[in-house]
Amino acid sequence: MSSEKTFEELVNVGQKIISNYFRENSVVSVKELKQKFNNILKNPFWTEEKVREMLHLLSKKNLSSQEQEALIRKMEEMIDELYSKYIKDKPYLLPKEMKKYEQGLIEFFRKTGDLKGQSEVFSTILGYLMIHKNLTQEQLRNLSNYSKGAISINLKPLVKSGFVKKKLIKGERKYLYSLEGKMGELASHMGLFKAELNRDSLSFINRKMEELALYEGEEGKERLTNQLLGILNYLNMQKKALMTILQSEYIKNL
Amino acid sequence: MKEIQEFGPNVKKLEREVVQFIQENLFIGQKNAFSTIKSYFITRKYLTQGLLEKLTDFSRGTISQEINTMLTLGIIEKKRTSSTGEIIYALKSVEYGFLHGFLNSTKEINSLTEDVFRLKQEMEKEKQKLTDHEGFDEIFELLEAFSRTKPLLSLLLDELEREMENLNVE
């Protein structure tokens, strides 16, 4: 290490960059910020004044790759720490001028969810998470007026599917539920997730077909085999439709 | 093949695993009674309300309500009345069971995006007044994104309609 002082100096500048990022951006992404720090030396397109200061310091001190690595890890720790603070302080109840639009969107989520056979609570939670990106169960309760139990039950499948991330807030005994990324990333994540789900479903049904073949002569075997063949047929149709959509210009341009 | 069949113990156990898998993975977020009953139609094809009561433990009232919804949506149909006086319901086809509801809801969602588009236009008119408010960027970004999903929905509708045409529904 060039010196403890240099390291501290760099950490302080880094802290200012992170604080500025959380203060100046209404939509924040921890993943994006960590990526930016990881690329700071290779691809320094960040134009902020403090970043230029950091780059200047880095070029002057000529850190070894090990030292650079240590600095990046320190920055990542700091991002997590400052992010927890940011979430704690971030207002989630919108001003009355914005309520009309927030409610309009929630209504859209409820109606579309209802059409898909989804429960109102599930669609509402998904809607609020899409608007606010990160919320605790308590905040979701305050926004939606649903019970603690209803919120907890409906968050489970979202977390299990990987669509929502659950993370413990540092220094608090609360979890934060997040939909990270921008719309394009979300759409692509959902697409990939569905493609993955389609693969898993095909393999599950094929396994069950093999298992069923062992129950020779048992009542219901033939009926269930026919029905499972129908499921396989549907999953193959779904696979074809997913490929068409994922390869479409619309998704590529998102 | 008899329409209403008893399943043997191994087949029944495997059926329960399939029903659970469908509910947790393919009907994610759907109402419990609706998705359970639809899943059993997928594994059995023919069912009576009495058999559904035994398979699911739901009350007669709940089963009757969900059966009516499925009849309205065109997922199932009344096949005939059995010798014991019970109505036998039939799933049109497995593929139809999955696709039909999806196609209809996609059409409705497509029309709902018009509402979102109008809301976005309204917000654009008020932009100067609203732009500094908390939540403006997030809401505007979502309204814009959903307004732009129309071409994707049209693409999906074309694809689904093609698949439905290819289906050989009994």
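By convention in this document, chain letters (A, B, ...) are assigned in the order of the sequence lines, proteins followed by strands, and residues within each chain are numbered from 1. All figures in this text were calculated on a predicted structure; none of them were measured in a lab.
- Among His133(B), Lys2(B), Glu17(B), the residue with the largest count of heavy-atom pairs under 4.5 Å with chain A is His133(B).
- Neither the backbone nor the side chain of Leu126(A) has a heavy atom closer than 4.5 Å to any heavy atom of chain B.
- Distance alone, capped at 3.5 Å, places no donor-acceptor pair between the Glu95(B) side chain and the Ile231(A) backbone.
- Going from atom CD of Glu218(A) over to atom NZ of Lys12(B) covers 11.0 Å, rounded to the nearest 0.5 Å.
- In this structure, the side chain of Arg223(A) does not engage the main chain of Thr43(B) through any donor-acceptor pair within 3.5 Å.
- We find that Glu97(A) and Lys129(B) are not joined by a salt bridge, their nearest charged nitrogen and carboxylate oxygen being 4.0 Å or further apart.
- Contact of Leu228(A) with chain B is made through the side chain alone, with heavy-atom distances under 4.5 Å.
- When heavy atoms are compared at a cutoff of 4.5 Å, Asp200(A) approaches chain B solely by way of its backbone atoms N, CA, C and O.
- Atom CD of Glu126(B) and atom NZ of Lys100(A) lie 6.5 Å apart (nearest 0.5 Å).
- Counted within 6.0 Å of CZ on Phe140(B), heavy atoms from surrounding residues, nucleotides or ligands total more than 12; the atom is thus considered enclosed.
- Of the atoms belonging to Val116(B), it is side-chain heavy atoms, and not backbone ones, that fall under 4.5 Å from chain A.
- Summarising the geometry, atom CG belonging to Asp115(B) is positioned 5.5 Å from atom NZ belonging to Lys111(A); distances are rounded to the nearest 0.5 Å.
- Leu26(B) contributes atom CG, which lies 4.5 Å from atom OG of Ser201(A) (distance to the nearest 0.5 angstrom).
- Counting heavy atoms from C-beta outward, Leu14(B) and Tyr215(A) have side chains that approach closer than 4.5 Å.
- Judged by distance alone, with hydrogens and angles left aside, the side-chain atoms of Arg44(B) form no donor-acceptor pair with the main-chain N or O of Gln227(A) at under 3.5 Å.
- The 12-atom threshold is exceeded at NZ of Lys34(A), counting heavy atoms of other residues, nucleotides or ligands nearer than 6.0 Å.
- Side-chain contact between Asn233(A) and Val94(B) is absent, with no heavy atoms from C-beta onward closer than 4.5 Å.
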Subject >> Intermediate values then yes/no, side chain to side chain contact (heavy atoms under 4.5 Å, CB included), Glu219(A) and Val11(B) >> reply: CA-CA 8 Å; Glu219(A) 211 171 351; Val11(B) 177; over 6 Å; no

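- Under a 3.5 Å cut-off, the side chain of Glu15(B) and the backbone N or O of Leu224(A) do not form any donor-acceptor pair.
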**OP:** Start with the C-alpha gap between Leu99(B) and Met237(A), add the side-chain angles, then the distance that decides, and say whether side chain to side chain contact (heavy atoms under 4.5 Å, CB included) holds.
**Re:** CA-CA 10 Å; Leu99(B) 273 177; Met237(A) 281 177 182; 3.5 Å; yes

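- Interface summary for chain B: among Gly230(A), Ser123(A), Gly104(A), the most heavy-atom pairs under 4.5 angstrom belong to Gly230(A).
- In this structure, Tyr234(A) and Phe98(B) have parallel ring planes: the angle between them is below the 30° cut-off, well short of the 60° mark.
- Once rounded to the nearest 0.5 Å, the distance linking CD of Gln103(A) with CD1 of Ile139(B) reads 9.5 Å.
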Original post:
So Met98(A) and Phe136(B), side chain to side chain contact (heavy atoms under 4.5 Å, CB included) or not? Walk me through it.
Top reply: CA-CA 7 Å; Met98(A) 294 306 300; Phe136(B) 176 85; 4.2 Å; yes

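- In this structure, Tyr101(A) OH and Leu142(B) CG are separated by 15.0 Å, a value rounded to the nearest 0.5 Å.
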**OP:** Begin from the C-alpha positions of Gln5(B) and Glu222(A) and carry the test side chain to side chain contact (heavy atoms under 4.5 Å, CB included) through to its verdict.
**Re:** CA-CA 11 Å; Gln5(B) 293 182 357; Glu222(A) 197 185 336; over 6 Å; no

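- Crowding of Lys156(A) atom NZ: a count of heavy atoms from other residues, nucleotides or ligands under 6.0 Å not exceeding 12.
- Heavy-atom distances place the side chain of Phe204(A), and not its backbone, under 4.5 Å from chain B.
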